[in-house]
Each structure stands twice: as structure tokens, then as C-alpha cells.
Amino acid sequence: MAEEIKNVKIIFVVGGPGSGKGTQCKKIVEKYGYTHLSSGDLLRAEVSCGSERGQQLQAIMEKGELLPSDTVLDMIKEAMIAKADVKCFLVDGYPRDVKQCEEFEKRIGKPCLLLYIDTKPETMLQRLLKRGETSGRADDNEATIKKRVDLYYKATEPVITFYESHGIVRKIDSEPPVEEVFSQVAEAIDGLCQGCKCST
Ligand code: ADP
Ligand code: MG
């Protein structure tokens with residue numbers, strides 16, 4: 001456990017690529033003043049600063065594969081400790097598989113809510129192709145998207161099953177328009193402390 005952040009709440013935001021995690025996190029930040037940490041954004045920042053580590057990461061991300069767990073977790077932990085005086089972290093894009101859940105809990109702490117942003121694979125593909133027109137992201141192309149979606153179902157969905165047994169999963173239907181999705185998200189957050197022992 002990381003001492004510096006032991007009193008900060010942690011919410012995991014889990015969903016496939018293009019499901020709307022970033023979009024919903026932005027709205028949560030506006031309404032609740034929580035702190036958004038996107039593992040993908042942290043990694044892309046490392047890539048764009050051109051470090052040697054960044055170049056290695058880029059080669060893996062372009063192929064749509066998962067990065068070494070230790071590196072990603074190091075970066076998340078550094079970012080959390082740098083902002084240790086916040087109310088609540090929204091951890092978006094991590095954990096990607098069950099092993100990463102275990103590592104995160106060991107090195108950082110336990111989440112008190114998991115927002116499961118659920119969308120159909122066709123919707124993910126459509127949204128990402130559209131995002132790819134302007135995002136400049138090397139992995140927003142059809143072949144890589146399909147690989148990322150497959151990997152999501154294989155590796156990441158078991159994370160949801162893992163946390164269902166802890167009673168902290170709230171499933172959000174992310175097919176409707178952004179505002180409708182957000183009303184489900186807000187309801188889950190408002191109910192947060194009814195089902196867990198954390199303090200607000
Ligand atoms: P993620 O962070 O999960 O990969 P994003 O939040 O970047 O996904 O969303 C992917 C794309 O889908 C973005 O272009 C976003 O504007 C769009 N999008 C997100 N949520 C919705 C929604 N509920 N309805 C329509 N488009 C959406
Ligand atoms: Mg995102």
C-alpha cells in the first residue's frame with residue numbers, strides 16, 4: 001500500500017476502447033472535482049516527450065498490445081503520489097487484466113467502486129474510427145481497433161468478474177447519448193458510500 005495516498009478514494013473506470021471512459025471521466029471531473037488519471041494519456045505523454053522509454057512504449061502501443069505491467073503501474077503510482085492531496089482518483093484504462101488488479105491493490109490500494117462502461121463492439125469500432133479522423137492516435141485504425149477490442153474481451157472483462165465478488169461493480173450502458181450515460185454514472189457515484197465502508 002502507498003502510505004501517501006492511503007486516504008484517497010479510488011474509482012476504477014473499465015470499458016473497451018472507445019466505450020466512452022475518457023468522455024465520462026471528463027464529466028465526473030467537472031461535477032465532482034475528482035482527479036482523472038488515464039493510463040493511456042500518461043503513456044502517450046511519455047511517448048511524446050521522446051524519452052528512450054517512450055520510444056519502446058510507442059512500438060508496443062502501435063501494435064495494439066499491452067505494455068509491461070510494472071512500467072504502467074510505476075507511472076500511475078508516480079502520478080498519484082504527485083497529486084496526493086485530492087479527494088478521489090478516477091483510474092481510467094487500468095487494470096487491464098486480473099494480474100494488474102492484484103498488483104495495483106498490493107502497491108497502491110483498493111478501489112471502492114468500479115464503473116463498468118459497457119458498449120457493443122460495433123459501437124466501439126464506429127466511435128474509434130470517427131475519433132481516428134482527428135485524434136492523431138496511431139492505434140485508432142481499423143486493424144488495430146479490432147485487436148484492441150478482442151484483447152479487451154479476453155483480458156479485461158475478467159477484471160469485472162473479479163470485482164463483482166467484492167460488490168463494487170456498477171454497470172453503465174454506454175450506448176445512449178453522453179448525457180444519458182452520465183446520469184447513470186452520477187447515480188452510481190452518488191450511491192458509492194451506501195455500499196462500501198469508505199468515507200467521503
Ligand atoms: P475511451 O476513453 O473509452 O477510449 P472516449 O471517451 O475517447 O473512449 O470515446 C471514444 C469516442 O466516442 C470519442 O470520439 C467520443 O466523443 C465518442 N463517444 C463517447 N461516448 C459517447 C456516447 N455516449 N455517444 C456517442 N459518442 C460517444
Ligand atoms: Mg480514453
Side-chain angles (χ1 to χ4, degrees), residues 10-32 34-48 54 57-58 60-67 71-73 75-76 79-80 88-97 100-101 104 111 113-160 163 169-189:
I10 297 168
I11 296 177
F12 282 165
V13 184
V14 178
S19 58
K21 300 182 295 296
T23 304
Q24 295 301 321
C25 283
K26 190 160 169 271
K27 296 187 70 66
I28 298 170
V29 169
E30 283 163 15
K31 176 161 181 184
Y32 294 93
Y34 294 172
T35 301
H36 181 205
L37 283 182
S38 154
S39 61
D41 290 349
L42 288 173
L43 293 161
R44 283 185 287 276
E46 180 85 29
V47 168
S48 68
L57 297 175
Q58 184 172 29
I60 303 173
M61 285 164 82
E62 275 176 2
K63 287 189 275 182
E65 292 169 4
L66 292 183
L67 299 160
T71 316
V72 185
L73 195 53
M75 292 176 64
I76 293 176
M80 289 175 93
C88 175
F89 285 112
L90 297 166
V91 180
D92 157 10
Y94 194 98
R96 288 296 234 266
D97 57 30
Q100 292 190 349
C101 300
F104 186 98
L113 172 68
L114 185 155
L115 292 172
Y116 167 27
I117 312 294
D118 185 38
T119 331
K120 291 188 287 213
E122 307 87 80
T123 309
M124 294 182 204
L125 176 64
Q126 279 166 14
R127 287 182 185 168
L128 290 181
L129 287 174
K130 188 140 190 300
R131 185 175 77 180
E133 291 168 10
T134 53
S135 70
R137 279 182 51 169
D139 57 355
D140 279 349
N141 64 76
E142 186 151 359
T144 312
I145 293 167
K146 289 202 163 130
K147 230 166 127 179
R148 287 158 65 206
V149 170
D150 285 349
L151 187 59
Y152 167 73
Y153 283 111
K154 222 169 54 201
T156 311
E157 283 229 326
V159 169
I160 294 155
Y163 281 112
V169 175
R170 296 294 175 272
K171 185 171 176 175
I172 308 297
D173 175 9
S174 187
E175 290 291 330
V178 173
E179 290 303 329
E180 262 176 63
V181 177
F182 186 64
S183 64
Q184 300 171 58
V185 167
E187 199 178 313
I189 292 179

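Along the sequence shown, residues carry numbers from 1. Keep in mind the model is a prediction, meaning the values are calculated, not measured. Counting starts at 1 for both ligands and their atoms, following the listed order.
With Ile60 as the partner, the side-chain contact (heavy atoms from CB on, under 4.5 Å) test is satisfied by one option alone out of Leu66, Leu43, Leu67: Leu67. Put simply, the residue from Ile145, Thr23, Thr119 that forms a side-chain contact (heavy atoms from CB on, under 4.5 Å) with Arg127 is Thr119.
What you find for Leu115 and Ala188 is that their closest heavy atoms are CD2-CB, 3.7 Å. Residues Glu142 and Leu129 come closest through the heavy atom pair N-CD2, 3.9 Å.
Ring geometry for Phe104 against Tyr94 counts as tilted: the plane angle lies between 30° and 60°, on a 0 to 90° scale.
Residues with a heavy atom under 4.0 Å from ligand 1: Gly16, Pro17, Gly18, Ser19, Gly20, Lys21, Gly22, Thr23, Arg127, Arg131, Ser174, Pro176, Pro177, Val178, Val181.
Under a 4.0 Å N-O distance rule, the pair Arg44/Asp41 qualifies as a salt bridge.
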